[in-house]
Protein chains: 2
Amino acid sequence: MFFLKDLPTRQMLQSYGERYPGMDAEAVAGALRLLRRGSLLMRALEAYFTAHALSQTRFLVLIVIDREPGQGGAGQGESGQGGLLASEIADRLDISRPVVTDTVKALVRAGLLGSAPVPGDGRAKRITVTPAGGAVLADLLPGYFALIADFMACEDEGAG
Amino acid sequence: MFFLKDLPTRQMLQSYGERYPGMDAEAVAGALRLLRRGSLLMRALEAYFTAHALSQTRFLVLIVIDREPGQGGAGQGESGQGGLLASEIADRLDISRPVVTDTVKALVRAGLLGSAPVPGDGRAKRITVTPAGGAVLADLLPGYFALIADFMACEDEGAG
DNA sequence: GCCTATTGATTAGCATCCTAACTATAGGGA
DNA sequence: TCCCTATAGTTAGGATGCTAATCAATAGGC
């Protein structure tokens with residue numbers, strides 16, 4: 001999260017540019033807008049998920065498993081017929097393994113994910129989305145898309 | 001932070017669009033790019049600050065006080081001659097008061113900020129940047145600007 | 001058949017953010 | 001003066017992220 005509410009004015013950036021000759025004021029201004037706008041959207045999404053007993057991370061774990069090809073039928077992909085290993089989730093999500101462990105544990109407790117041993121490998125577990133988990137996703141997605149559309153419609157939001 | 005590495009393909013978004021008629025695939029694609037790119041930049045900045053014994057939040061607290069008009073000379077603004085109250089920092093930064101308390105405490109311990117009671121008000125403290133704090137800022141800013149310029153020069157970074 | 005390196009997952013310890021509740025000071029009105 | 005409210009800051013407790021270290025199972029070399 002990027003916490004600066006009021007981005008520096010053009011004038012302020014220019015004065016930095018004089019003090020630090022290598023600085024590209026245009027790039028910095030763009031980067032700060034990117035950070036601020038992204039953070040505002042993240043805050044809004046996090047609030048949405050919190051209001052529905054989830055979090056951004058838990059939602060993404062659900063989505064990432066759910067969108068895997070072969071979840072309900074055909075069945076292939078790098079790990080077999082649907083579901084993912086914890087390490088595959090970590091690969092797709094850019095979060096650390098321990099966070100995957102904890103998040104999956106919480107979602108299994110909540111009944112939204114299932115966990116089953118992998119026949120050929122005693123170390124691994126295959127994580128799948130339960131029907132309840134699928135229902136939660138189906139419930140949340142319309143509001144998620146609406147929130148995003150709302151946010152993106154407001155071009156200057158967070159630009160100061 | 002937004003953790004999804006591989007953003008959904010256009011095709012995947014379209015299939016969601018069919019299942020959820022209200023969805024604006026263009027807006028969603030744009031929002032995910034925004035989140036991903038913003039998160040990558042945040043990760044890079046956080047790593048930079050960590051390598052220099054700071055954090056994004058601490059850096060912003062320093063910057064926000066330092067850029068306040070009247071820091072070194074003229075002296076006006078809503079709270080007098082330079083520095084800010086903790087509550088003013090929280091206002092500018094969109095972080096909660098307790099985080100300001102802890103962050104300022106850490107920076108005072110590190111010698112980068114100073115804290116002085118406000119004459120007229122027994123509750124408040126005025127937080128100022130010490131010379132050491134100013135030196136740290138001056139040290140970090142060139143690398144900070146360079147990192148940002150690098151990142152912004154790579155237009156597609158994080159777009160999958 | 002063992003020894004070692006690798007891989008999947010977890011545990012432990014730490015940092016940092018939040019909300020809610022609290023203490024202390026300030027200020028305004030009866 | 002007394003009280004009620006508002007404001008500045010802190011404390012307490014919980015959630016969530018990270019890295020480093022650990023356990024367990026697999027795979028390869030000899």
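Only heavy atoms go into these numbers, but all of them, side chains included; no hydrogens, no water, no symmetry mates. Throughout, protein chains are lettered first and strands after them, A, B, ... in sequence-line order, and every chain is numbered starting at 1.
Read 5' to 3', the first and last nucleotides of DNA chain C with an atom closer than 4.0 Å to a heavy atom of chain B are C:dT16 to C:dA26.
The residues B:Asp102 and B:Arg58 are annotated as not salt-bridged, no charged nitrogen and carboxylate oxygen being separated by less than 4.0 angstrom. Using a 4.0 Å cut-off between charged side-chain N and carboxylate O, A:Arg36 and B:Asp94 make a salt bridge.
At a threshold of 4.5 Å between non-hydrogen side-chain atoms, the residues A:His52 and A:Phe49 do not count as touching. The side-chain heavy atoms of A:Glu26 and A:Arg10, taken from C-beta on, include a pair separated by under 4.5 Å. Side-chain contact check for B:Leu34 versus A:Phe151: some heavy-atom pair is nearer than 4.5 Å. By the 4.5 Å heavy-atom criterion applied to side chains, A:Tyr144 and A:Leu141 are counted as neighbours. B:Leu45 is listed as a side-chain neighbour of B:Ile148, based on a closest heavy-atom distance under 4.5 Å. A:Gln56 has its side chain out of reach of A:Val61: every pair of non-hydrogen atoms, C-beta onward, lies at least 4.5 Å apart. In this structure, A:Arg126 and A:Ser115 have side chains that are not in contact, with every pair of non-hydrogen atoms separated by 4.5 Å or more. A:Leu54 is listed as a side-chain neighbour of A:Leu107, based on a closest heavy-atom distance under 4.5 Å.
Note on B:Thr101: a base of the nucleic acid sits closer than 4.0 angstrom, heavy atoms only.
Taking every heavy atom of both residues into account, A:Ala90 and A:Ile95 meet most closely at CB-O, 3.7 Å.
Relative to the axis of its first five pairs, the axis of the last five pairs of the helix from C:dG1-D:dC30 to C:dA30-D:dT1 sits at 10°, rounded to 10 degrees.
Computed from coordinates, the A:Glu46 CD to D:dA15 P distance equals 14 Å when rounded to whole Å. In this structure, NZ of A:Lys105 is placed 13 Å from P of D:dT16, rounded to the nearest angstrom. Rounded to an integer number of Å, the gap from B:Leu84 CG to D:dG9 P is 10 Å.
A close approach under 4.0 Å does not occur between any side-chain nitrogen or oxygen of B:Ser87 and OP1 or OP2 of D:dT7.
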Using a cut-off of 4.0 Å between protein heavy atoms and nucleotide atoms, how would you tag nucleotides 17-27 of chain D 5' to 3' with B, S and -?
SSBB---BBS-
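Taking the nucleotide of DNA chain D with the nearest heavy atom to each of A:Leu54 and B:Lys125, the more 5' of the two is matched to B:Lys125.
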